Peer 1: 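Below is one structure. I have some questions about it.
Computed from a predicted structure; not experimentally measured.
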Amino acid sequence: MAKINENFEKLPGSYLFAEIARRTAAYQEANPNARVIKLGIGDVTRPLVPAVVAAMHEAVDEQASAETFMGYGPYEGYDFLREAIVEHDFRARGVDIAPDEIFVSDGAKSDCGNIGDILARDNKVAVCDPVYPVYVDSNAIEGRAGEWDVDAEEWTNIHYMPTTAENGFCPAIPEGRVDVIYLCSPNNPTGTCLTKDELKRWVDYANENDALIMFDAAYERFITEPDVPHSIYEVEGAKTCAIEFRSFSKTAGFTGMRCGYTVIPRDLVRDGQSLNDLWMRRQSTKFNGASYIIQKGAAAIYTPEGARQIAETLDYYRENARVIKEGLEAAGLTVYGAVNSPYVWCKTPEGIASWDFFDMLLEKANVVTTPGAGFGPAGEGYIRLTAFGDAEATKEAVERIVKLLG
């Protein structure tokens with residue numbers, strides 16, 4: 001008899017954003033005339049910039065000729081994109097990363113979820129709390145998380161690191177030993193960032209304990225403050241302890257196109273094995289490479305014209321974040337994030353739980369948000385709003401919330 005992976009049975013409820021979609025759909029079905037504005041799931045709304053579209057059209061046309069047709073591509077990505085990534089995302093910031101340390105994929109979410117394939121099942125995992133659900137759920141599926149504690153609403157074998165206003169949104173170094181540490185800066189969901197000094201403490205801990213840092217830098221293009229690192233490799237010693245994930249989804253509007261990349265330095269070795277080699281082996285077995293057409297579009301954002309157009313789109317979303325932040329603050333709410341991030345982390349009114357406030361905003365203001373409790377125990381009492389909506393719709397949503405709260 002074929003048996004299933006029993007770890008799926010341990011997962012609590014549904015995936016956070018699937019539950020948001022379910023509740024939203026149910027409300028809209030019951031209230032077909034309601035004009036619902038979605039500031040919950042972080043999907044972009046601006047179209048692909050002209051430089052990207054032109055590059056993809058060119059790539060499509062190439063498929064019509066035998067001389068330029070492209071079949072299977074390199075598992076790790078085409079050289080033209082890997083070299084552009086190295087030049088513009090790293091060398092331009094004084095970071096020495098080589099093209100063969102770049103692995104192009106169909107997005108950061110896939111790589112964050114799949115990276116555990118090259119790691120042993122008995123590694124002790126540490127995550128920030130609140131946290132992007134993929135880090136926790138993917139480890140639970142692979143059997144690293146232990147059992148789900150219904151009362152504590154957390155996994156028994158996951159080390160949760162509170163990342164809250166009380167500690168300046170910087171998780172404390174564990175007193176005991178952990179093996180794999182997930183860090184995200186700018187953070188999803190809180191929208192806050194780790195400083196270079198804060199990252200240095202984590203890098204030192206990882207190197208001293210042979211631990212591994214999974215650094216999610218999917219939102220680094222939103223950083224505006226000069227003293228905030230865009231990459232963990234700006235920190236001395238990170239190349240021997242950290243894997244970095246990047247995405248074109250939010251920075252270039254590729255949520256539907258799917259493209260990102262992961263950086264695994266050649267210096268990163270555990271148990272005598274090169275993690276760069278192990279990931280290459282994994283990718284060549286389970287992944288056939290990102291589409292040539294999509295990679296051509298991604299490479300276009302590194303051209304002068306593409307970079308200028310992308311900057312305009314990012315400014316559009318940054319302005320939305322400012323509107324949300326200032327509007328909610330004017331309504332008397334406590335707000336974090338928004339400055340270096342497309343996410344706004346908002347404390348719910350006194351005594352109102354996250355899901356209750358979510359339902360209140362959906363039903364009385366017709367605005368969809370994301371309840372903080374869905375990101376972990378420390379997210380209770382907060383909601384997350386995204387700046388990826390239409391500008392006019394975002395302003396209207398904020399006005400509705402302000403009016404509702406009086």
Peer 1: Between atom CG of D106 and atom SG of C259, what is the distance when rounded to the nearest 0.5 Å?
Peer 2: 8.5 Å
Peer 1: For a ring-ring contact (aromatic ring centres under 6.0 Å, His included) with Y78, tell me which candidate from Y292, Y261, F103 qualifies.
Peer 2: Y292
Peer 1: Does S284 reach the main-chain N or O of R281 with its side chain, forming a donor-acceptor pair under 3.5 Å?
Peer 2: yes
Peer 1: Rounded to the nearest 0.5 Å, what's the gap from CG on L278 to CG on D271? Could you check?
Peer 2: 9.5 Å
Peer 1: Looking at M161 and P171, what are the two nearest heavy atoms and their distance?
Peer 2: CB-CB, 3.7 Å
Peer 1: Side-chain polar contacts of residues 34-54 - donor-acceptor pairs under 3.5 angstrom, sequence neighbours left out - could you list them?
Peer 2:
{"from": "R35", "atom 1": "NH1", "to": "E396", "atom 2": "OE1", "distance (Å)": "2.7"}
{"from": "R35", "atom 1": "NH1", "to": "E396", "atom 2": "OE2", "distance (Å)": "2.8"}
{"from": "D43", "atom 1": "OD1", "to": "T255", "atom 2": "OG1", "distance (Å)": "2.7"}
{"from": "T45", "atom 1": "OG1", "to": "F388", "atom 2": "O", "distance (Å)": "2.7"}
{"from": "T45", "atom 1": "OG1", "to": "G389", "atom 2": "O", "distance (Å)": "3.4"}

Peer 1: Between R270 (side chain only) and A211 (backbone N and O only), is there a donor and an acceptor less than 3.5 Å apart?
Peer 2: yes
Peer 1: Quick one: do E399 and K403 make a salt bridge, cutoff under 4.0 Å?
Peer 2: no
Peer 1: With a cut-off of 6.0 Å (strictly less than), are more than 12 heavy atoms of other residues, nucleotides or ligands near NE2 of H88?
Peer 2: yes
Peer 1: What residue among V180, L212, L275, I243 forms side chain to side chain contact (heavy atoms under 4.5 Å, CB included) with I115?
Peer 2: I243
Peer 1: Taking only Lys NZ, Arg NE, NH1 and NH2, and the carboxylate oxygens of Asp or Glu, determine whether R91 and D96 approach each other closer than 4.0 Å.
Peer 2: no
Peer 1: Do side-chain atoms of E220 reach the backbone of P186 as a donor and acceptor pair under 3.5 angstrom?
Peer 2: no
Peer 1: Taking the side chain as everything from C-beta on, heavy atoms only, tell me whether L404 gets closer than 4.5 Å to M360.
Peer 2: yes
Peer 1: So how far is it from S291 OG to M56 CE, rounded to the nearest 0.5 Å?
Peer 2: 7.0 Å
Peer 1: May I ask you to decide if C184's main-chain N or O and Y219's side chain share a donor-acceptor pair within less than 3.5 Å?
Peer 2: no
Peer 1: Any side-chain donor paired with an acceptor under 3.5 Å for D89 and Y302?
Peer 2: yes
Peer 1: Determine, step by step, whether V335 and W345 satisfy the side-chain contact (heavy atoms from CB on, under 4.5 Å) criterion, reporting the C-alpha distance in whole Å, the side-chain angles of both residues, the deciding distance to 0.1 Å, and the verdict.
Peer 2: CA-CA 6 Å; V335 178; W345 189 239; over 6 Å; no
Peer 1: Might you point out which heavy atoms bring V104 and F287 nearest each other, and give the distance in Å?
Peer 2: O-CE2, 3.8 Å
Peer 1: Minimum heavy-atom separation for Y135 to V131, with atom names?
Peer 2: CD1-CG2, 3.2 Å
Peer 1: Determine the minimum heavy-atom distance between V269 and R266, stating which atoms define it.
Peer 2: CG2-O, 4.2 Å
Peer 1: Pairing donors with acceptors under 3.5 angstrom, does anything connect the side chains of T303 and E305?
Peer 2: no
Peer 1: Any chance you could lay out the side-chain contact (heavy atoms from CB on, under 4.5 Å) test for V127 and Y160, step after step, and finish with the verdict?
Peer 2: CA-CA 5 Å; V127 298; Y160 290 84; 4.0 Å; yes
Peer 1: State, with a plain yes or no, whether a side-chain heavy atom of I20 is found less than 4.5 Å away from one of L16.
Peer 2: yes
Peer 1: Check whether the side chains of S105 and R258 place a donor and an acceptor atom closer than 3.5 Å, and report yes or no.
Peer 2: no
Peer 1: Is the shortest heavy-atom distance from the side chain of D117 to the side chain of E142 under 4.5 Å?
Peer 2: yes
Peer 1: With side chains defined as the heavy atoms from C-beta onward, is the minimum distance between I324 and T394 less than 4.5 Å?
Peer 2: yes
Peer 1: Within a strict 4.5 Å, meaning less than it, do heavy atoms of the F245 and C112 side chains meet?
Peer 2: yes
Peer 1: Heavy atoms only: give me the nearest W155-L11 pair and the separation to one decimal.
Peer 2: CZ2-CD2, 3.9 Å
Peer 1: Has the side chain of N207 got a donor or acceptor atom that lies under 3.5 Å from a matching backbone atom of G237?
Peer 2: yes
Peer 1: Using side-chain heavy atoms (C-beta onward) and a distance below 4.5 Å, is Y336 in contact with Y382?
Peer 2: yes
Peer 1: Determine whether more than 12 heavy atoms belonging to other residues, nucleotides or ligands lie under 6.0 Å from atom CD of E312.
Peer 2: yes
Peer 1: Is it the case that the side chain of R177 and the backbone of K124 share a donor-acceptor pair, with hydrogens and angles ignored and the cut-off at 3.5 Å?
Peer 2: no
Peer 1: Quick one: CG on D267 to NZ on K239, what's the gap to the nearest 0.5 Å?
Peer 2: 5.5 Å
Peer 1: Which value, rounded to the nearest 0.5 Å, describes the distance between N157 atom CG and E147 atom CD?
Peer 2: 9.5 Å
Peer 1: Are there more than 12 heavy atoms of other residues, nucleotides or ligands under 6.0 Å from atom OH of Y75?
Peer 2: no
Peer 1: For K200, is there an ion pair with D204 - N to carboxylate O distance below 4.0 angstrom?
Peer 2: yes
Peer 1: Assess whether a salt bridge exists between E244 and R246, defined as any Lys/Arg side-chain N lying under 4.0 Å from an Asp/Glu carboxylate O.
Peer 2: yes
Peer 1: So Y27 and N366, side chain to side chain donor-acceptor pair (under 3.5 Å) or not? Walk me through it.
Peer 2: CA-CA 9 Å; Y27 177 78; N366 294 166; 2.8 Å; yes
Peer 1: Measure from NZ or CZ of K296 to the centre of the six-membered ring of F80, then state whether that distance is under 6.0 Å and the direction lies within 45° of the axis.
Peer 2: yes
Peer 1: May I ask you to test the E236-V203 pair for a side-chain heavy-atom distance under 4.5 Å?
Peer 2: no
Peer 1: Do NZ/NE/NH1/NH2 and the carboxylate oxygens of D111 and K109 come within less than 4.0 Å?
Peer 2: no
Peer 1: Do side-chain atoms of N276 reach the backbone of D100 as a donor and acceptor pair under 3.5 angstrom?
Peer 2: yes
Peer 1: Does CZ in R322 sit with more than 12 non-hydrogen atoms of other residues, nucleotides or ligands closer than 6.0 Å?
Peer 2: yes
Peer 1: Rounded to the nearest 0.5 Å, what separation is found between the CG atom of D149 and the CD1 atom of I158?
Peer 2: 13.0 Å
Peer 1: Inspect the contact between D79 and R82 and indicate whether a charged nitrogen and a carboxylate oxygen are less than 4.0 angstrom apart.
Peer 2: yes
Peer 1: Test your reading of the model: is there a side-chain donor-acceptor pair from S354 to the backbone of I383, 3.5 Å cut-off?
Peer 2: no
Peer 1: Tell me if a side-chain donor or acceptor on N7 pairs with a main-chain N or O of I141 at a distance below 3.5 Å.
Peer 2: yes
Peer 1: Kindly indicate whether the side chain of Y343, heavy atoms from C-beta on, has any atom under 4.5 Å from the side chain of T190.
Peer 2: no
Peer 1: Between the side chains of Y182 and N139, does any donor sit under 3.5 Å from an acceptor?
Peer 2: yes
Peer 1: Using atom types as modelled and distance alone, determine if a side-chain donor or acceptor of D356 lies under 3.5 Å from a backbone N or O of I352.
Peer 2: no
